[in-house]
K.L.:
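My questions all concern the structure below.
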Amino acid sequence: MPVVRLVAFARLRELFGERREIALPEGAKVGDLWDTLLREEPHASALARGLRFARNGALCGAETALCEGDEISLLPPFGGG
Amino acid sequence: MTLAGSRDLRRYSRHLLIPEIGLAGQERLASSRALVIGAGGLGAPVLAYLAAAGVGRIGVLDDDSVDESNLQRQILFEHADIGRPKATVAAERLQALNPQITIDALQVRFDASNARDLVRLYDVVIDCSDRFTTRYCASDACSLEKKIEIFAAIFRFDGQVTRFDPDGPCYRCLFPYAPEPGSVPTCAEGGVLGVLPGIVGAWQASEALKALLQIGEPLRGRLLLVDALAARTREVRFARDPDCIRCGDRPTLFDPVDAHDDESTASIAGIAEVAPEELDAALRDALLLDVREPHEAVLGVIPGAVHIPASQLEARMHELDSAKRYIVACRVGVRSRWAIARLRDAGFQRVAHLEGGLLRYAALDAGFEFF
Ligand SMILES: [Zn+2]
């Protein structure tokens with residue numbers, strides 16, 4: 001059961017809180033973390049299309065495997081200027 | 001333009017004292033050209049610092065006019081400027097700040113039709129725009145015209161800053177898919193801390209000057225994340241995406257694209273639009289569904305409306321009756337489009353959309369306090 005730390009920005013931080021730890025099943029990928037979060041807040045699915053992930057400070061895809069102690073960032077695009 | 005006499009040099013003496021800039025650097029700035037897309041929250045500090053720094057030619061691009069609600073953060077403008085074109089006002093202020101430089105006031109919308117022609121005239125492009133279509137279009141044009149782009153975007157207390165280089169990565173490498181229309185609020189929709197664009201825009205100006213001076217370590221392949229609420233910055237590394245449609249190994253995009261389903265103007269096929277003038281009559285056989293968030297109630301309340309915030313719509317859909325006719329409204333008509341798409345997915349047939357949102361409706365009636 002890898003435990004990862006979630007870092008979310010902007011609206012996703014408002015929804016999921018800042019710097020919380022989440023335990024996931026062995027072999028879980030970044031996309032599985034997002035699915036877990038969506039079960040908590042189904043309407044966050046509206047933000048899925050533009051969303052990117054980062055693992056330990058580097059942009060990554062949803063297929064990236066999670067390891068114990070990883071820091072996973074949820075990066076939504078911002079439009080404002 | 002070159003720095004002819006000592007009169008010109010006094011203004012820049014604090015730059016001339018820095019070994020990384022000096023006379024050669026200042027001359028370089030004087031012969032440089034920068035295009036700033038958007039003279040809003042980010043544009044204000046970017047424009048002011050580039051003008052003060054002596055960038056020889058600055059393009060100020062904005063097709064909008066000054067609104068009173070801009071003055072909380074867009075510090076180039078004054079109360080008396082309300083209603084005047086932003087590009088014109090900004091050009092006046094910048095010219096007054098530094099009479100030695102040239103300002104191009106560009107009162108146009110930056111889009112696929114003019115993007116490459118505009119970008120070609122400048123050395124560096126600073127994206128201070130406030131819509132995704134413009135952001136993709138600017139990045140595409142810079143990539144195609146081999147220009148450096150300094151990017152920033154903001155939301156409430158958060159900012160993102162980075163630099164895109166001609167050989168990548170580009171904006172599409174970072175965010176290949178535009179968000180679903182209406183899902184990401186603009187400053188007008190979601191609000192923004194007034195000083196945030198000041199912080200983020202100043203960072204953009206610094207990167208633009210570094211790019212023109214060719215000094216320091218560029219903010220390239222690094223997305224700088226500013227969280228003003230926590231007073232914290234973070235960095236996410238990213239690389240050119242070999243699959244990027246613009247700068248990847250097998251690009252398929254050779255013209256700037258701004259024709260995504262625009263977050264503000266896309267109409268939803270088959271959904272009736274109700275003009276603000278027609279709303280009162282239309283409500284005789286329909287209910288108004290107000291999807292603004294609870295904290296927005298201080299900005300004006302509509303009597304008799306059903307109120308379900310967009311963020312709760314999916315969880316509270318059962319409170320609505322699909323046999324009834326609803327006219328869906330939010331503040332400016334963006335989240336309401338998203339809400340209509342969700343309602344339609346859920347089988348609601350009789351939904352209409354309030355064009356321009358409650359803000360346009362309120363503008364019809366001076367007695368109705370709303371902003
Ligand atoms: Zn790219």
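Computed over heavy atoms, backbone and side chain alike; hydrogens, waters and symmetry mates excluded. A note on names: the letters A, B, ... follow the listed sequences, proteins ahead of strands, and every chain is numbered from 1. Because the structure is a prediction, the values reported are computed rather than measured.
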K.L.:
Say you draw a straight line from SG of A/Cys60 to CZ of B/Arg237; how long is it, rounded to the nearest 0.5 Å?
P.N.:
11.0 Å

K.L.:
For the candidates A/Gly50, A/Ser73, A/Gly80, which exhibits the highest count of non-hydrogen atom pairs separated by less than 4.5 Å from chain B?
P.N.:
A/Gly80

K.L.:
Once rounded to the nearest 0.5 Å, what's the spacing between atom CZ of B/Phe175 and atom CG of A/Leu59?
P.N.:
8.0 Å

K.L.:
So with a 6.0 Å cut-off around CZ of A/Phe16, is the heavy-atom count from everything else above 12?
P.N.:
yes

K.L.:
So, taking the atom named CZ in A/Arg52 and the one named CG in B/Leu174, what distance separates them when rounded to the nearest 0.5 Å?
P.N.:
7.0 Å

K.L.:
Hey, could you give me the CZ/CG distance between A/Arg13 and B/Asp158, rounded to the nearest 0.5 Å?
P.N.:
4.0 Å

K.L.:
Pick one of side chain, backbone, both or neither for A/Leu75, based on which atoms fall under 4.5 Å of a heavy atom in chain B.
P.N.:
both

K.L.:
Counting heavy-atom pairs closer than 4.5 Å to chain A, which one of B/Arg222, B/Arg342, B/Arg135, B/Glu235 comes out on top?
P.N.:
B/Arg135

K.L.:
Which of the residues B/Ala188, B/Pro197, B/Ser129 is involved in the greatest number of heavy-atom pairs with chain A at under 4.5 angstrom?
P.N.:
B/Ser129

K.L.:
To the closest 0.5 Å, what do you measure between CZ (B/Arg156) and CZ (A/Phe78)?
P.N.:
11.0 Å

K.L.:
Does B/Asp140 have any salt bridge (Lys or Arg N to Asp or Glu O under 4.0 Å) partners at least two apart in sequence or in another chain, and if so, which?
P.N.:
B/Arg172

K.L.:
Applying side chain to side chain contact (heavy atoms under 4.5 Å, CB included), run through A/Glu71 and B/Arg234 and close with a yes or a no.
P.N.:
CA-CA 12 Å; A/Glu71 182 180 275; B/Arg234 289 168 182 276; 3.2 Å; yes

K.L.:
Can you see which heavy atom on A/Pro76 is nearest to which on B/Gln160, and at what distance?
P.N.:
O-NE2, 2.9 Å

K.L.:
Of the backbone (N, CA, C, O) and the side chain (C-beta and beyond), which part of A/Glu41 lies under 4.5 Å from a heavy atom of chain B, both, or neither?
P.N.:
neither

K.L.:
Nearest 0.5 angstrom please: A/Ser45 OG to B/Glu180 CD, how far?
P.N.:
7.5 Å

K.L.:
Give me the one residue out of B/Leu225, B/Val226, B/Val236 that meets side chain to side chain contact (heavy atoms under 4.5 Å, CB included) with A/Phe9.
P.N.:
B/Leu225

K.L.:
Has the side chain of A/Arg49 got a donor or acceptor atom that lies under 3.5 Å from a matching backbone atom of B/Ala178?
P.N.:
yes

K.L.:
Considering all heavy atoms of both residues, which atom of B/Cys187 and which atom of A/Gly81 are nearest to each other, and what is their separation?
P.N.:
SG-N, 4.0 Å

K.L.:
Side chain, backbone, both or neither: which part of A/Pro42 has a heavy atom under 4.5 Å from chain B?
P.N.:
backbone

K.L.:
Do you know which of B/Leu196, B/Thr134, B/Asp227 has the most heavy-atom pairs under 4.5 Å to chain A?
P.N.:
B/Asp227

